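Given the structure is predicted, the values throughout are model-derived calculations rather than measurements. These numbers come from the heavy atoms of this one structure, side chains and all, not from hydrogens, waters or symmetry mates. In the text below, chain A, chain B and the rest are named by the order of the sequence lines, each starting its count at 1.
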Protein chains: 2
Amino acid sequence: MTRKISDSTVRRLSLYLRILEALEREGIATVSSEDLAGRSGTTAAQVRKDLSHFGSFGKRGLGYAVRDLREHLQRIMGLERRWRVVLVGAGRIGSALFDYAGFRSRGFDIVAVLDADASKVGQRWGEVVIGDSASLEDIIRRHCVDVAIVAVPVEAVQGVVDRVVSAGVRGILNFAPTRLRVPEGVALKDVSLVMELEALSFSLSRHASLGP
Amino acid sequence: MTRKISDSTVRRLSLYLRILEALEREGIATVSSEDLAGRSGTTAAQVRKDLSHFGSFGKRGLGYAVRDLREHLQRIMGLERRWRVVLVGAGRIGSALFDYAGFRSRGFDIVAVLDADASKVGQRWGEVVIGDSASLEDIIRRHCVDVAIVAVPVEAVQGVVDRVVSAGVRGILNFAPTRLRVPEGVALKDVSLVMELEALSFSLSRHASLGP
DNA sequence: AGGTGTGAACACTTTCACAGCA
DNA sequence: TGCTGTGAAAGTGTTCACACCT
């Protein structure tokens, strides 16, 4: 089996999960698809369809048990375990990412930081010492790295990604604004800030006349 | 008219634009949809369809004039002008964004930085002095701000967005991991790092058995 | 010949509507 | 009754295939 699950579904699952965690903290035990839809900006049918790809988690006439559904989603998303992450690039973006507590609290441990700049190598960031990018393959194998966050200049990024992949990493989060080539079976996500801003520019230019 | 243009098309246009700029720097004068597709990881038909929403820019039998198409795309994306941006939140992410040269070089000028933390207010970052979030509306009106980049904690973000919108901003780039409510006519883009990582986690968990 | 522009076919996603269970 | 789970319908986006222009 292993049906193809669409990207948009996956994004919504991640959102549902966050909402369920909040509900749980508030001590709410049960939630309907209607309610979950309201909180996630989608429709009740969409919520039910998204969940239905993985099983039947609700009770008819009642809704979903918050804790139970949260646990299911966590398992579905592969978040019942922790992931080992290498951060390549200790510049501004890398540094902000390293300090972002949200990663650790959601199961992603940055176990190593690497940079090509000799003046950065050896610096201590909290628990980790910045290593030399030359040792990339070594570090990945030694730390059993699962995921690479790549925050290096656009000229360097394809080279880094090739090495990371050949060292066995199958999940990559890229911050450089290029279309990267990765082999089949490697999951790649891009975060392109410029692309997002340009999309805003496009919207603003088109709907200029729709004022309040 | 003003047909609805899909989000994926807009993202590709932004990518085409970057590729065309690179081709121009390399002194390449002409490009085919086939070639552009290869460089952007899509298909020739997709490229032609994307462009066809806005007009006919190519010459049959020849392809597209790089410079000409670049100019057209720039206009289509609303990038022939500069955009005035306020950055709300001078924490780690805010600081990394401020230092990211890519924004300025692509037409986005950060004209003001604001933070709610009194200890940060008054600090000088390059050309700008960090202002107090209390003066948000003032700053937006005084600087004729078009776009707000919001990098504040998740608890604060909806409040900031409401104020930003009521002060007249119609484009928002949000870094907090929540679904924000904005009125019709306001363009909102989310950058959710956790969501991207969770999507990676999902992929990795599902395709665990597809090894080389 | 060579490569664009585009209607028509196809694939995928979302919404609808309702049967079925608590 | 109330709300889930799900086929069927509607809507969107992508690919195909070819007429048409240079």
Notebook entry, point to check: Should A/R81 and A/D146 count as side-chain neighbours, where that means a heavy-atom distance under 4.5 Å?
Noted result: yes

Next item on the list: Round to a whole Å and report the spacing from CZ of B/F54 to P of C/dT4.
Entry: 18 Å

Item checked: Spacing between B/K4 atom NZ and C/dT13 atom C1', to the nearest angstrom -> 14 Å

Checklist line | Note, B/Q158 side chain near B/R181 side chain (heavy atom, < 4.5 Å) | finding: yes

Margin query: Whole angstroms only, please: what is the NE2-C1' distance between A/H53 and D/dG7?
Written below: 13 Å

Next item on the list: Counting heavy atoms from C-beta on, name the nucleotide in C/dT13, C/dG5, D/dT14 closest to the side chain of A/S6.
Entry: C/dT13

Check: Does the B/S192 side chain pair with the main chain of B/P177, one donor and one acceptor, at a distance under 3.5 Å?
Finding: no

Tabulate protein N/O versus nucleotide N/O from nucleotides 19-22 of chain D, keeping only pairs under 3.5 Å, one per line.
from: D/dC20; atom 1: O2; to: B/R60; atom 2: NH1; distance (Å): 3.0
from: D/dT22; atom 1: O4'; to: B/R60; atom 2: O; distance (Å): 3.4

Next item on the list: For the residue pair B/W83 and A/L197, establish whether any side-chain heavy-atom pair is separated by less than 4.5 Å.
Entry: no

Notebook entry, point to check: Any side-chain heavy-atom pair from A/S135 and A/L114 closer than 4.5 angstrom?
Noted result: yes

Next item on the list: Answer yes or no: does atom CZ of B/R82 have more than 12 heavy-atom neighbours from other residues, nucleotides or ligands under 6.0 Å?
Entry: yes

Next item on the list: Take atom CZ of A/R75 as the centre, draw a 6.0 Å sphere, and report whether it contains more than 12 heavy atoms from other residues, nucleotides or ligands.
Entry: no

Notebook entry, point to check: Atom CZ of B/R12 to atom P of D/dT15: distance rounded to whole Å?
Noted result: 8 Å

Next item on the list: Enumerate the residues from residues 23-52 of chain A whose closest heavy atom to DNA chain D is under 4.0 Å, giving them by residue number; use none for an empty result.
Entry: A/S32, A/S33, A/R48, A/K49, A/S52

Next item on the list: Nearest whole angstrom, please: distance from the C1' of C/dC21 to the CZ of A/F57.
Entry: 18 Å

Notebook entry, point to check: Does A/S8 put a side-chain nitrogen or oxygen below 4.0 Å from OP1 or OP2 of C/dT14?
Noted result: yes

Item checked: Atom-pair distance (CD1 on B/I5; P on D/dT14), nearest Å -> 12 Å

Note to self: For a quick test of reading the model: is some side-chain N or O of B/Y64 closer than 4.0 Å to OP1 or OP2 of C/dG2?
What the structure shows: no

Check: Between A/R163 and A/E137, is there a salt bridge with N-O shorter than 4.0 Å?
Finding: yes

Note to self: What's the separation between atom CZ in A/R206 and atom CD1 in B/I5, rounded to the nearest 0.5 Å?
What the structure shows: 5.0 Å

